[in-house]
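Accompanying notes for the structure given below.
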Amino acid sequence: MTERELDAAGVIDPALREAYRHCRRLNARHGRTYFLATRLLPVERRPAVHALYGFARWADDIVDALGTGADTARRDAELAALERELEQGLRDGESAEPVVRALADTARRYRIDHAHFADFMAAMRADLVVTDYADYAALRRYMHGSAAVIGLQMLPVLGTVTDRETAAPHAAALGVAFQLTNFLRDVGEDLDRGRVYLPADLLAAHGVDRERLRWSRDTGRRDPRITSALRAFERLTRGVYRQAVPGLAMLELVSRPCIRTAFVLYGGILDAVAEDGYAVLHRRSVVPRRRRAVVAADGLARVAAARLRARPAAAREPGGVPLTGAGPVGPRMVEEVA
């Protein structure tokens, strides 16, 4: 379906098409939930989402370069080189780095504020030196660049039925909610990287600190104090999801199934963590395949309904691209995305 997506998006240049393909492969390989939801967007909008994800994944992989022997100085140098490529790409649209070339084209097509990318890179640099956060306020400052701006980057691609400024806080909240979900799911893996994203004051309120987490991770033993702290972090995360909810109805009709599906699937990760007894220091909790298939099927039904409702209005993108829908839907696609 890659070629159909690129044709629908009007991407003609061979090198640019390959850059978008590269980003799509990154999304498919690393962002399973994100990729699933992206399949529910109209085909012409998917390459832009792949580009946004691909760039973020590329930068994040530099920061998390475990097992490569890359020390902090080396990773800092690689981030600096990527940032220079980004600045040049956003300025003139050219780059030898595929993820930057695709991102620059997406930023131009959808007029995405370049400040969002600068804020994201600042958060990536912080990850090289900051290993924990004293409180939730400090974590939120970090997540502005690492998560909130991802929601803000996506908003022009998704489109809104309100003015963008009204929808922006909810889009930012959804980005934060998704990242908080990842933080909870990945507590053990992040600890192995030397990072603790759960606020220190939240942990301390339950009698937990980094050493206690490390002990549990290393011994495989449980501690009710850790479970209590993780449950509190889950409640905090669900509160951010509630802040994001009003924004779903502010999106263009054809984009809502995609974001609703991502909303439900990421929320399902929280459910899986709870059902697994908050054992995130010992194993990764996953949403069962059957549950993912049910959510995917619901998303496909909503896509079909949105296409039927949008067709009589002959809705068009601001730039004149017709809303061609999300492509064929049916059992095969449910299997693919589930």
Below 4.5 Å, heavy atoms only, C-beta onward: do [X] and [Y] meet side chain to side chain?
X      : Y      : value
Arg125 : Val63  : no
Leu158 : Val254 : no
Arg17  : Ile12  : no
Pro156 : Arg111 : no
Val196 : Thr131 : no
Arg212 : Arg225 : yes
Leu86  : Glu97  : no
Arg46  : Arg24  : no

If you compare all heavy atoms of [X] against all heavy atoms of [Y], which two are closest, and at what distance to 0.1 Å?
X      : Y      : value
Gly175 : Ala147 : O-CB, 3.4 Å
Ala107 : Leu90  : CB-CD2, 3.9 Å
Ser146 : Ala123 : N-CB, 3.6 Å
Ala104 : Gly89  : CB-O, 3.2 Å

Could you check whether [Y] and [X], counting side-chain N and O atoms only, form a donor-acceptor pair closer than 3.5 Å?
X      : Y      : value
Tyr20  : Thr106 : yes
His206 : Thr227 : no
Thr160 : Glu252 : no
Ser228 : Tyr278 : no

In terms of heavy-atom contacts, does CZ of Arg221 have more than 12 from other residues, nucleotides or ligands at under 6.0 Å?
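No, the 6.0 Å shell around CZ holds no more than 12 heavy atoms from other groups.
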Given 3.5 Å as the limit, does a donor-acceptor pair link the side chain of [X] with the main chain of [Y], or not?
X      : Y      : answer
Thr261 : Pro257 : yes
Arg45  : Val157 : yes
Asp113 : His116 : no
Arg185 : Val286 : no
Arg256 : Ala249 : yes
His282 : Ser216 : yes

Would a single hydrophobic cluster contain both [Y] and [X], if residues Ile, Leu, Val, Met, Phe, Trp and Tyr are joined by side-chain heavy-atom contacts under 4.5 Å?
X      : Y      : answer
Tyr241 : Leu152 : no
Met250 : Val240 : no
Met154 : Val245 : yes
Trp215 : Val187 : no
Leu41  : Val161 : no

Can you tell me how far apart [atom1] ([X]) and [atom2] ([Y]) are? Round to the nearest 0.5 Å.
X      : Y      : atom1 : atom2 : answer
Gln179 : Leu174 : CD    : CG    : 12.0 Å
Leu281 : Glu189 : CG    : CD    : 11.0 Å
Asn182 : Thr237 : CG    : OG1   : 10.0 Å
Leu16  : Leu6   : CG    : CG    : 8.0 Å
Leu128 : Glu78  : CG    : CD    : 10.0 Å
Thr2   : His50  : OG1   : NE2   : 7.0 Å

Show, in sequence, the C-alpha distance, side-chain angles and deciding distance for Arg193 and Asp127, and conclude whether the salt bridge (Lys or Arg N to Asp or Glu O under 4.0 Å) test is met.
CA-CA 11 Å; Arg193 297 186 179 101; Asp127 255 338; over 6 Å; no
Out of the candidates Arg75, Arg195, Arg57, only one should pair with Asp64 under the salt bridge (charged side-chain N to carboxylate O under 4.0 Å, His left out) rule; please name it.
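The option that passes is Arg195.
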Using the salt bridge (charged side-chain N to carboxylate O under 4.0 Å, His left out) rule, pick out the option among Asp192, Asp190, Asp209, Asp223 that qualifies with Arg214.
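Option passing the salt bridge (charged side-chain N to carboxylate O under 4.0 Å, His left out) with Arg214: Asp192.
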Does Asp92 pair with Arg108 as a salt bridge, N-O distance under 4.0 Å?
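Salt bridge absent between Asp92 and Arg108.
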Applying salt bridge (Lys or Arg N to Asp or Glu O under 4.0 Å), run through Glu87 and Arg91 and close with a yes or a no.
CA-CA 6 Å; Glu87 291 171 354; Arg91 185 171 57 250; 5.5 Å; no
Does the plane of the ring in Phe55 sit parallel, tilted or perpendicular to the ring in Phe117? Use 30° and 60° as the thresholds.
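Perpendicular, since the angle between the ring planes exceeds 60°.
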Should the pair Tyr133 and Tyr197 be assigned to parallel (<30°), tilted (30 to 60°) or perpendicular (>60°) ring geometry?
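Geometry flag for Tyr197 against Tyr133: parallel rings.
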List the steps and the verdict of side chain to side chain donor-acceptor pair (under 3.5 Å) for Ser95 and Gln88.
CA-CA 7 Å; Ser95 175; Gln88 176 184 330; over 6 Å; no
